[in-house]
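Below: one structure, written as structure tokens.
So you know, we letter chains A, B, ... as the sequences are listed, proteins then strands, and number each from 1. In what follows, every heavy atom counts, from backbone to side chain, and hydrogens, waters and symmetry copies are set aside.
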Amino acid sequence: MSTDIERRVGNLLNSSQSTGATLSSLPSISADLGQKQSAAPIKYVSSRQTDSSKEKLSVALKERQELVQASDSLKEMKSFREKLPAFKMKSEFLKAVQENQVLVVSGETGCGKTTQLPQFLLEEEISCLRGADCNIICTQPRRVSAISVAARISAERGESLGEAVGYQIRLESKRSAETRLLFCTTGVLLRQLVQDPDLTGVSHLLVDEIHERGMNEDFLIIILRDLLPRRPDLRLILMSATINADMFSKYFANAPTMHIPGFTYPVAEHFLEDVLEKTRYSIKSDFDNFEGNSRRRRKQQDSKKDPLTEMFEDIDVDTNYKNYSLGVRKSLEAWSGSQIDLGLVEATIEYICRNEAGGAILVFLTGWDEISKLLDKLKGNNLVGDPSKFLILPLHGSMPTVNQCEIFERPPPNKRKIVLATNIAESSITIDDVVYVIDWGKAKETSYDALNKLACLLPSWISKASAHQRRGRAGRVQPGVCYRLYPKLIHDAMPQYQLAEILRTPLQELCLHIKSLQLGTVGSFLEKALQPPDPLAVKNAIELLKTIGALDEQEELTPLGQHLCNIPLDPNIGKMLLMGSIFQCLNPALTIAASLAYRNPFVLPINRKEEADAAKQFFAGDSCSDHIALLKAFEGWKEAKRSGNEKQFCWDNFLSPATLRLIDNMRMQFLNLLSDIGFVDKSRGANVYNQYSHDLEMVCAILCAGLYPNVVQCKRRGKRTAFYTKEVGKVDIHPASVNAGIYLFPLPYMVYSEKVKTTSIYIKDSTNISDYALLLFGGNLVPSKSGEGIDMLGGYLHFSASKSVIELIRKLRGELDKLLNRKIEEPGFDVSAEGKGVVAAAVELLHSQVMR
DNA sequence: GAGCACTGC
């Protein structure tokens with residue numbers, strides 16, 4: 001640090017007057033403070049109504065229901081409903097609900113449980129003249145299903161959506177004072193529980209898709225089990241697609257279970273051995289060029305193999321498959337469970353196209369790379385490569401095709417649709433006209449390595465339940481066929497169900513939510529889970545919350561932690577948002593927080609990858625930051641939208657308009673929440689909170705404040721830079737990052753949003769930051785044990801400088817912390833006025849190191 | 001010399 005800077009920073013810090021000159025020359029930021037639009041509480045406020053008006057309402061509801069049900073317009077609807085397997089169970093179901101507080105219902109696809117059971121309850125309550133009092137809630141894990149089920153039931157009742165039946169998801173709802181049956185996402189209900197822990201006024205709660213073992217659903221049922229004794233009048237119905245209902249029944253003191261048979265068309269299934277016989281395809285081992293036993297050789301080479309693949313390699317093919325041809329047996333010998341054989345997939349597609357009747361083909365693959373490679377292969381295929389006869393569509397959450405209706409549309413006759421998809425087609429996206437499913441039995445799955453505090457995303461064998469679900473995708477409109485490209489022996493050895501999400505994920509957000517619901521200590525609460533997570537994973541989460549200052553040493557919420565509870569975000573991202581509002585970078589903090597929380601708006605097109613990378617690079621400029629690229633892309637979109645150029649802008653820059661719109665709406669939600677907790681006073685206008693929004697050094701410092709302790713050290717290794725973290729040592733920049741192609745960085749550290757182990761340990765979305773950003777906005781400053789300099793992150797990071805500089809930094813940091821603490825204790829406190837000098841000093845120091 | 005399962009407040 002030059003003495004000149006030292007003097008200037010010192011002066012700023014000491015003077016109460018700020019240097020207005022540079023500050024006022026910043027461009028002003030347009031006011032985009034939104035109107036308050038926070039969601040109405042779920043509970044139905046009937047308490048204000050008098051008893052007689054309620055009676056009248058109940059009578060009116062009943063009369064209307066009877067009238068509509070007798071009308072001719074619903075005849076077709078009625079006969080459809082009566083054909084569903086659930087219809088036969090109606091009286092049994094209603095009786096069970098009446099007699100038991102908890103009921104577990106299992107039912108396969110097509111049985112009508114999701115559309116019929118909540119509807120039975122509604123009809124029953126209305127016809128028993130309890131219509132005015134009933135308030136039925138049904139949770140869904142996904143937004144689209146909440147909407148589509150609510151729409152379907154409204155249609156079945158001959159009503160408009162939002163009358164008796166409505167939905168509520170984040171940032172979107174269709175409901176009214178008349179709504180008696182509400183579909184909402186599980187996340188919405190969990191947020192609602194913070195304000196209304198007893199679910200006051202709710203008469204029936206149905207929790208759907210519990211077999212998926214999502215984190216929210218697992219979390220919700222712990223809360224509900226504790227709530228039931230306090231709410232003896234509340235009825236709870238758990239709905240599962242598979243017959244693992246026993247586990248849930250046991251969890252709820254042996255609650256009765258009920259099974260509804262499913263209805264789908266039959267789907268024939270063929271395993272690898274039969275597919276090989278049919279297609280005459282021969283699998284070549286990678287080791288066929290070597291002498292000797294290829295399987296043994298492969299075993300020696302690849303020691304980190306999954307147990308299922310290993311199991312199959314140990315069996316004797318000739319005795320197990322003696323009825324199969326020699327060619328099939330040779331192929332089974334050569335088959336590898338760890339590597340997909342795209343030639344086999346191609347041969348299977350070709351076989352269907354040559355030998356089977358029309359109908360769409362759905363291929364399940366694990367990721368972008370496989371989809372892309374198979375697409376290339378098929379385009380070069382003599383038969384399938386003919387675009388006049390075949391429509392081949394990739395389907396991946398990050399590809400621009402994901403929102404195209406082509407996927408759902410039926411192609412013209414004589415043209416066959418072939419969809420190459422990830423797991424997205426297993427439950428999120430349903431393509432009705434699929435008749436053939438090809439499944440190689442794998443999916444990328446997250447896991448959490450608690451020892452190394454490391455999230456992993458690795459391909460692994462799916463569960464039997466998933467394999468069943470994938471097969472079912474072929475039988476929605478007519479009988480279908482499922483080709484499984486793995487041996488039946490592998491299928492038999494697959495786990496019954498996928499590991500619960502709560503056992504596969506970092507837990508900091510969940511732990512914060514538990515604290516906000518005042519559910520006791522995190523550890524004792526989570527022990528009550530259906531499957532309690534690893535105590536080490538819980539410990540890691542609590543330690544992280546302590547490190548960022550959300551929990552104190554007694555594991556109680558700090559004032560900062562209490563604010564974070566009010567913001568539905570990962571605690572790190574929530575902290576970034578608070579820091580952005582405190583240090584007058586509100587707009588960038590809102591944008592970056594919303595995109596990190598939701599989804600990256602950049603799409604990954606299959607053919608124009610390089611151009612897409614270049615677009616991202618353009619937005620990043622020389623910032624060395626993926627977060628700045630996000631920010632600039634969003635600002636560009638806003639500008640393009642204002643000038644009516646949205647579509648072209650998104651197309652040119654490889655951005656998803658749908659994602660950007662949702663990010664925009666989330667910004668508004670966050671802004672309202674910041675206003676609710678008093679951090680932002682909307683009446684003062686946006687400019688007050690955006691003094692430094694165009695100062696990239698300050699924005700990067702705010703990123704540092706939020707993302708800490710996600711820090712890597714950049715160390716120069718010859719002509720390149722190597723990256724190191726405290727937890728796992730060497731890491732790589734993710735190849736999709738704008739920082740991936742850079743050899744040398746201007747600044748010595750990176751902060752990152754996420755670290756994931758795939759083929760290597762990658763940091764995604766990184767930002768290059770300075771010493772000063774870390775010193776002023778990172779972790780606590782600890783005097784080095786050696787006596788010289790400052791330590792951070794338990795001594796992993798060390799900073800040395802002259803005594804006077806260190807003294808200056810400590811002083812400035814102390815002042816910043818004071819401002820921060822005051823604002824957190826007293827949200828109405830005006831940092832922009834009273835902290836003007838201190839903040840300006842920090843900015844001056846941040847600028848002293850680098851000019852971007 | 002590289003790579004990007006999927007939900008949700």
In Q498(A), E501(A), R142(A), the residue satisfying side-chain contact (heavy atoms from CB on, under 4.5 Å) with E212(A) is R142(A)
**Prompt:** Hey, does T186(A) reach any base, or is it just sugar-phosphate, or nothing, if we go heavy atoms under 4.0 Å?
**Reply:** nothing
Side chain to side chain donor-acceptor pair (under 3.5 Å) filter on R661(A), not counting sequence neighbours, yields E646(A)
Result for 5'-nearest mapping on DNA chain B, choosing between D732(A) and W368(A), is D732(A)
Mind checking if I169(A) touches a base, just sugar-phosphate, or nothing, with heavy atoms under 4.0 Å?
sugar-phosphate
Requested in this report: With heavy atoms under 4.0 Å as the rule, sort A443(A) into base, sugar-phosphate or nothing.
Outcome: nothing
Per the O4'-C1'-N9-C4 / O4'-C1'-N1-C2 angle with a 90° window around 0, dC6(B) comes out anti
More than 12 foreign heavy atoms under 6.0 Å from NZ of K373(A): is that the case here?
no
How is R142(A) classified with respect to the nucleic acid when contacts are heavy atoms under 4.0 Å: base, sugar-phosphate, or nothing? sugar-phosphate
- Task: Report which part of the nucleic acid S427(A) touches: base, sugar-phosphate, or nothing (heavy-atom distance under 4.0 Å, all strands).
- Result: nothing
With sequence neighbours left out, the residues meeting side chain to side chain donor-acceptor pair (under 3.5 Å) with H468(A) are E108(A)
Describe the nucleic acid contact of R720(A) in one word from base, sugar-phosphate, nothing, applying a heavy-atom distance below 4.0 Å. base
Hits for side chain to side chain donor-acceptor pair (under 3.5 Å) against T114(A), two or more places apart or cross-chain, chain-then-number order -> D208(A)
Per nearest nucleotide of DNA chain B, the residue lying toward the 5' end, I567(A) or T366(A), is T366(A)
TODO: Assign L457(A) to base, sugar-phosphate, or nothing according to its heavy-atom contacts below 4.0 angstrom with the strands shown.
DONE: base
Chain A vs DNA chain B, heavy-atom contacts under 4.0 Å, first-to-last nucleotide span, 5' to 3', is dG1(B) to dC9(B)
*Which part of the nucleic acid does E212(A) contact within heavy-atom distance under 4.0 Å: base, sugar-phosphate only, or nothing?*
nothing
Quick note, side-chain hydrogen bond (donor to acceptor under 3.5 Å, both in side chains) partners involving residues 568-578 of chain A, not counting sequence neighbours, are none
Mind listing the side-chain donor-acceptor pairs of residues 589-603 of chain A below 3.5 Å, one per line with the distance, residues two or more places apart or on another chain?
from	atom 1	to	atom 2	distance (Å)
T591(A)	OG1	N587(A)	O	3.0
T591(A)	OG1	R667(A)	NE	2.9
T591(A)	OG1	R667(A)	NH2	3.4
S595(A)	OG	T591(A)	O	2.7
N600(A)	OD1	F602(A)	N	3.0

Item to complete: Have a look at K764(A) and say if it touches a base, only the backbone sugar-phosphate, or nothing, with a 4.0 Å heavy-atom cut-off.
Response: nothing
Next on the checklist: What contact category does G367(A) fall into here, base, sugar-phosphate, or nothing, at under 4.0 angstrom with non-hydrogen atoms?
Outcome noted: sugar-phosphate
